[in-house]
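Written out below as structure tokens is the structure these notes cover.
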Amino acid sequence: MHTLRNQSLLAATVLLACAGVTSASAATLSVGPGKTYAKPCAAIAVAKDGDVIEIAGNTTYSGDVCSINRHNLTIRGVNGRPKIDAAGKSAADKGIWVVNGNNLTVDNVEMYGAKVWDVNGAAFRLQGTGFTLRNSFIHDNENGILANANVNSDILIEYTEFGHNGAGDGQSHNLYIGHVKSLTFRYNYSHDANIGHNLKSRAETNLIAYNRFSSTPPGVTGSTAAGQPSYEINLPNAGTSYIIGNIIEQPAANQNPTMVAYGEEGVTNAGSDLYVINNTFLNNYSDGTFLFVSGKVPTPAVIQNNIFGGIGTLSTQASSILKSNYRSVAPGFADRDKGDLHPTGSALVINAATDPGVSAKGVSLTPVAQYKGNASGEARPVVGQLDIGAYEATGDAANVASVTWTACGNEGSTCSFSGTREVRYGANGVYTTKFVTASTPCTSAVFGDPIRGVAKTCSYSSTLSTASAAAAPAWIPCAGENYLCTFTGTREVRFGSGTSVVTKTFTGSVTCWPKAFGSDPAKGVLKTCSYSSSTIATSGSATTPTAPAPAPAPAPSDTGWTACAVEGGVCSVTGTHQVRYGANGLYATKTVTGPVACTNAVFGDPAYRVVKSCSYK
């Protein structure tokens, strides 16, 4: 059994229960130009149990596919990273390397191009017991790793990048681990799954620690093409699962608004205990769910010391144990645009975490490391008390003194104080904060709404701050093309890709498409929307941009339509009428006689992921 208690960043021992021991008589087989074997599969074919195969790096081995049948082999790239290109070929109609032997260790390879007739090709098809992969780059395959069910198998994957795997059918993924004994997935970068999931695992025990799950923004050059993943992490059969110290970021353009799913296909594994500790979640979509926990899961999930950035439902499980989490529409980070998610000096984050203790099985839940790009890690430099989120603050941001909070206003009032202070807005332990000088309206238009449907209050910190209250506004991603971007107040919204953008001012929401912005700034390219963190000055607003964009054209008149129900309700009409169903100018229309249900089942869905309503003519 793997435990976090004994885990160390510099550990040299592989923690696999069934790991084999290399024989003292093991041979080393050399592969590459001018070596004994020209290609890896030639060496694999003659290797004995326990042998080591060294592949010369900085060389591409095209079409070199095969099955691996020996046990306790080690295959590693030396003097650079070798590239294994499937080049249209496959072993056993399954992938590049089909692993039938037990306890294979692979170190420092790049593998890509796996495609087969049933659209299920994998760089690694795991059919044996026990597997270790480290220091590798697995990309642009139909599956990065596809592991068969094997209840005796422990799988360790570390320091590896997975990018843009998936056939685009939603059934293939960056990684798909079947029903195995355990998966340890740490210090990895899994991104841009092509419609599928960045990680899917049916393992009985999952340790997912110190990784980054994200996607490349459209128009930005990355190591692979940009993708639109479904779930960032999917654990469909539950299992004892530890999600600790990860960066989990959902792109604005995605195929499913849920970020982490647990037990959504049924709780068939023995364990149903989920621990979500010290992660940093960022939702760049305009709505969604951070954690979907199936109603069939009997054990309350422990959700502690996490940052939840963006809009969405925190957990679908009402019994979840929520403790010491920080929620904000736009949390403060050292440089979010460049991927530096070390927290800035907020008293709600710095030194604000609480001791997560141990799991029901006695496993320590305290994070001991943090992710370091690219596909690496470092010891977590805790000074004083643990910070909330996946990272410890550094530099001056780490020197936040303990503070008390002084109530200064109810929602809708004005909070006044002296100097520049951190002001928190929210209720029930869920807050968002800003650094403000002298006074601020205590409203969702200023702070964003951290907890919907609940009366909120403002409090200011007991210590004066040197932070600037007039920092340049940030751009907050909110929607992929053709979806709805929502926000509070009146704000500038930009639409486009990379540096090719157009900006307009809207209030409340806008559909992210050329029609709303008057032009297409990047034709033929997937675009997104982002809104300014600063609201445009109206009565009671906090800040005014120096150069506001022109106001949008007035919305078309809805003369002749009478609202009759919100989505999920019943539109009660007498006689025969035209009834339309939709939102934001996108409607489906039917002619009905008498009452009609205002639902997708009746009308179809004309405005996907947007709350709709019915009106009659």
Side-chain angles (χ1 to χ4, degrees), residues 243-250 259-260 275-284 288-291 301-315 320-336 340-356 365-367 370-371 380 382-394 397-405 421-436 444 446-452 454 456-463 465 467 474 476 488 533:
I243 301 176
I244 300 178
N246 303 279
I247 300 96
I248 305 172
E249 184 172 6
Q250 174 166 257
M259 299 174 70
V260 175
Y275 305 91
V276 182
I277 311 293
N278 275 98
N279 303 280
T280 294
F281 288 83
L282 290 178
N283 184 13
N284 295 327
T289 300
F290 292 99
L291 293 164
V302 178
I303 304 170
Q304 186 170 351
N305 297 341
N306 302 281
I307 291 175
F308 292 97
I311 299 170
T313 301
L314 196 156
S315 173
S320 293
I321 299 170
L322 303 174
K323 188 175 182 181
S324 307
N325 299 293
Y326 174 64
R327 182 149 190 199
S328 174
V329 174
F333 297 114
D335 194 334
R336 177 171 174 166
D340 185 350
L341 300 182
H342 288 81
T344 52
S346 169
L348 290 179
V349 174
I350 312 303
N351 297 324
T354 52
D355 182 2
L365 301 175
T366 302
Q370 56 191 23
Y371 178 82
R380 183 162 179 144
V382 178
V383 177
Q385 192 169 319
L386 187 69
D387 294 345
I388 289 176
Y391 288 105
E392 289 292 302
T394 58
N399 300 320
V400 173
S402 60
V403 301
T404 57
W405 296 92
R421 299 177 188 264
E422 188 172 11
V423 179
R424 72 180 188 183
Y425 171 75
N428 303 333
V430 181
Y431 298 96
T432 184
T433 67
K434 280 192 173 184
F435 289 97
V436 181
S444 295
V446 172
F447 290 89
D449 191 342
I451 180 169
R452 294 175 179 174
V454 176
K456 291 166 278 288
T457 63
C458 282
S459 303
Y460 62 84
S461 66
S462 59
T463 56
S465 173
I476 302 168
T488 56
S533 61

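Note that the numbering runs from 1 along the sequence shown for the chain.
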For the residue pair [X] and [Y], establish whether any side-chain heavy-atom pair is separated by less than 4.5 Å.
X	Y	result
Ile243	Ile248	yes
Ser346	Arg424	no
Gln304	Ile277	yes

If only atom types and distance count, is the side chain of Asn325 paired as donor or acceptor with the main-chain N or O of Asn306 below 3.5 Å? yes
Within the distance-only criterion (no hydrogens, no angle test), does the side chain of Gln250 pair as donor or acceptor with the backbone N or O of Asn283 below 3.5 angstrom? no
Could you pull out the closest heavy-atom pair between [X] and [Y], with the gap in Å?
X	Y	result
Ala390	Thr280	N-OG1, 2.9 Å
Pro343	Val349	CB-CG1, 3.7 Å
Tyr391	His342	CD2-NE2, 3.6 Å
Cys458	Tyr425	SG-CD1, 3.6 Å

Please name the residue in the list Asn278, Asp355, Asn305 that meets the side-chain contact (heavy atoms from CB on, under 4.5 Å) test with Thr366. Asp355
When rounded to the nearest 0.5 angstrom, what is the spacing between CZ in Phe290 and CZ in Phe308? 7.0 Å
What is the distance from atom CG of Asn246 to atom CG of Asn279, rounded to the nearest 0.5 Å? 5.0 Å
Sequence-distant partners of Val382, side-chain contact (heavy atoms from CB on, under 4.5 Å), two or more places apart: Arg380, Leu386, Glu392
Can you check side-chain contact (heavy atoms from CB on, under 4.5 Å) on Leu291 and Val276, steps first, answer last? CA-CA 9 Å; Leu291 293 164; Val276 182; 4.2 Å; yes
